[in-house]
Amino acid sequence: MFQSNVPRHSLKFQEALRHTGTKKIHDLCTKHRNVDEALRLLDHLRLRGYLPDPLNLSSIIHGLCDANRFNEAHQRLIIFLTSLCVPDERTCNVLIARFLHSKDPFRTFNVIHRLIEFKPEFVPSLINYNRLIDQFCSVSLPNVAHRMLYDMINRGHCPNTVSYTTLVSGYCKIGELSDAYKLFDEMPEWGVVPNSLTYSLLIRGVLRKRDIERGRELMHVLFQVMRYEEDQSVNSAAFANLVDCLCREGLFNEVFMIAEEMPQGNRVNEDFAFGHLIDSLCKVGRSHGASRVVYIMRKKGFTPSIVSYNSIIHGLCKEGGCMRAYQLLEEGVGFGYLLSEYTYKVLVEALCQAMDLDKARGSFKSYVEQGRDG
DNA sequence: CTAGGGTTAG
């Protein structure tokens, strides 16, 4: 056996190697970003009878994942495991988090099962499961993601709102609304309550299917749910997603209704809400609509940000609204905003072009008239 | 000097 050729050493010798080796390996992997040198050192020590410990495993896998060498990291991990170098629970979760950076959920899933193979009592953390669910959804495989949900339940986890929201959104993205609804209804069975972001992402799927009536009903519930949400950032995310998809689906009446009536009240920071309405409208080429939101905002006593003025002015110049753009420029200057030189350049060019267009029109007209006369 | 270490849904 090969094993018997390896010299056996005392514990003292192991510890001596550990002192010199482990720190060096770790430094090579992190500080110097030279995993290959670390691997050479580790192989050298191994030939002298050194048994790698979970610290070495952690350093090496970290270094390889950090260098986007996920294939090798995966192979090395298996080698470490088969030589019975098995890390503790926390380290296992850290390693999984590293493999999640590969954005290859199948690989991460394999890593998890390899770890469990050598450490049957290991249960990946809720966050790792949720991230894995998200990654299967982002490669349009919510069915596989769904199996991860059952997997985590079987291992004794209780899924949370993030788990379900991710999966509901995953089914919505591929247009499987009936699965999304089923999952949404299943949540209370696990003591999980949908929050405003869950509703918002479900609405996105519903509106994409052009089920406007159902979308409106859910929007009503969404604004109710926002009132009980304690995490402001969840409400902001829900609001931003809602406005984005209303704009994308061309439901501008709803967008202006929100700007006028602010049904989310103070559950979403007002400046953020107005700013996002303006942003989303500009993004879908509706700068005139965005300037209408500026008007509504000011009517309510809020001041648009310099960023809003900049993007609307740019948008209006592109969409043939340079006179309104000029008006807004003056308005912004009136608030003491120092608009960028680029904004001025864009506006001046648009104004010149508009005048040229008039000239062009004029000459075209006279050309036509001349033709009639002649 | 006893070692190192990730955080989710838009």
Side-chain angles (χ1 to χ4, degrees), chain A residues 14-31 38 52-63 65-66 85 87-103 105 108 111-112 124-138 142 145 148-149 152 157 159-173 180 183-184 187 192-205 207-208 222 225-226 229 231-248 268 272-273 276 279-280 283:
Chain A
Q14 283 280 328
E15 270 177 36
L17 283 181
R18 215 177 290 289
H19 274 291
T20 53
T22 303
K23 179 107 180 75
K24 190 93 193 284
I25 288 169
H26 186 252
D27 283 350
L28 282 168
C29 289
T30 55
K31 222 187 287 172
D53 70 1
L55 249 71
N56 306 136
L57 175 150
S58 188
S59 306
I60 298 287
I61 304 299
H62 170 89
C65 288
D66 210 43
C85 175
D88 62 22
E89 176 132 351
R90 179 164 151 81
T91 307
C92 286
N93 277 315
V94 172
L95 291 175
I96 293 168
R98 297 259 160 81
F99 278 103
L100 281 165
H101 286 292
S102 71
K103 300 278 175 197
T108 309
V111 164
I112 289 173
S125 70
L126 178 61
I127 290 177
N128 276 337
Y129 265 119
N130 285 347
R131 291 180 67 189
L132 190 62
I133 288 172
D134 183 48
Q135 292 195 3
F136 276 117
C137 287
S138 63
M148 297 301 115
L149 185 84
M152 70 189 270
H157 269 305
N160 64 6
T161 305
V162 177
S163 328
Y164 274 99
T165 303
T166 309
L167 211 40
V168 165
S169 163
Y171 278 120
C172 284
K173 273 181 193 155
L183 212 52
F184 188 83
M187 290 176 72
V192 185
V193 185
N195 63 18
S196 54
L197 190 52
T198 320
Y199 275 95
S200 184
L201 291 168
L202 182 64
I203 290 169
R204 166 191 268 189
L207 292 181
R208 186 158 287 180
L222 164 66
V225 171
M226 275 187 174
E229 178 58 58
D231 188 344
Q232 281 271 328
S233 71
V234 170
N235 276 348
S236 302
F239 182 85
N241 175 65
L242 176 72
V243 171
D244 280 348
C245 75
L246 288 174
C247 286
R248 221 184 9 239
V268 177
F272 171 82
H276 197 82
D279 236 43
S280 283
K283 225 176 270 169

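The chains referred to below are lettered A, B, ... by the order of the sequence lines, with proteins before strands, and numbering in each begins at 1.
A donor-acceptor contact closer than 3.5 angstrom links the side chains of S280(A) and H276(A).
Here the nucleotide nearest the side chain of I127(A), chosen from dG10(B), dT8(B), dG5(B), is dT8(B). The nucleotide whose nearest atom lies closest to any side-chain atom of R98(A) is, among dG10(B), dT7(B), dG5(B), dG5(B). The T161(A) side chain lies nearest to dA9(B) when the options are dT8(B), dA9(B), dG4(B). Between dA9(B), dG4(B), dT8(B), one nucleotide has an atom nearer to the side chain of L55(A) than all others, and that is dG4(B). Minimum atom distance to the side chain of V162(A) is reached by dT8(B), of the listed dT8(B), dG10(B), dG4(B). Residue V234(A) has its side chain nearest to dA9(B) when only dG5(B), dT8(B), dA9(B) are considered. Of all nucleotides listed (dG5(B), dT7(B), dA9(B)), dA9(B) comes nearest to the side chain of L197(A). Looking at the side chain of R131(A), the nearest of the listed nucleotides dT8(B), dG5(B), dA3(B) is dT8(B).
The base of dG4(B) lies close enough to the side chain of S58(A) for a donor and an acceptor atom to sit less than 3.5 Å apart. Counting atom types as modelled, N130(A) pairs no side-chain N or O with a base atom of dA9(B) as donor and acceptor under 3.5 Å.
In this structure, R204(A) atom CZ and dA9(B) atom C1' are separated by 11 Å, rounded to whole Å. Distance D66(A) CG to dG4(B) C1': 14 Å, rounded to the nearest Å. Rounded to an integer number of Å, the gap from Q135(A) CD to dG10(B) P is 12 Å. Note: CD1 (I25(A)) to P (dA3(B)) measures 16 Å, nearest angstrom. One interatomic measurement links the two molecules: CD1 of I96(A) to C1' of dG4(B), which rounds to 17 Å at whole-angstrom precision. When the C1' atom of dA9(B) is taken as reference, atom CD1 of I133(A) falls 11 Å away, rounded to whole Å. Here the P atom of nucleotide dA3(B) and the NZ atom of K23(A) are 11 Å apart, to the nearest Å. For H26(A) and dC1(B), the NE2 to P distance is 20 Å, given to the nearest whole Å.
Here K173(A) does not reach the OP1 or OP2 of dA9(B): none of its side-chain N or O atoms lies under 4.0 Å away.
In this structure, N235(A) contributes its side chain and M226(A) its backbone to a donor-acceptor pair below 3.5 Å. A distance-only check finds no donor-acceptor pair linking the side chain of N56(A) to the backbone of S59(A) [under 3.5 Å]. T161(A) places a side-chain N or O within 3.5 Å of a backbone atom of V193(A) that can act as its donor or acceptor partner.
The two residues A180(A) and L202(A) have their closest heavy-atom pair at CB-CD1, 4.1 Å.
At a threshold of 4.0 angstrom between heavy atoms, the contacts of S125(A) include nucleobase atoms, whether or not backbone atoms are also involved. Within 4.0 Å (heavy atoms only), K31(A) reaches no atom of the nucleic acid at all. Within 4.0 Å of D134(A), counting heavy atoms only, lie sugar-phosphate atoms of the nucleic acid but no base atom. Among the heavy atoms of the strands, none lies under 4.0 Å from V168(A). Across all strands, D244(A) comes closer than 4.0 Å to no nucleic acid atom at all (heavy-atom distances). As judged by a 4.0 angstrom heavy-atom cut-off over every strand, L126(A) is placed among residues making no nucleic acid contact.
Residues D244(A) and R248(A) are not paired through a salt bridge, judged by the lack of any N-O separation under 4.0 Å between the basic side chain and the carboxylate.
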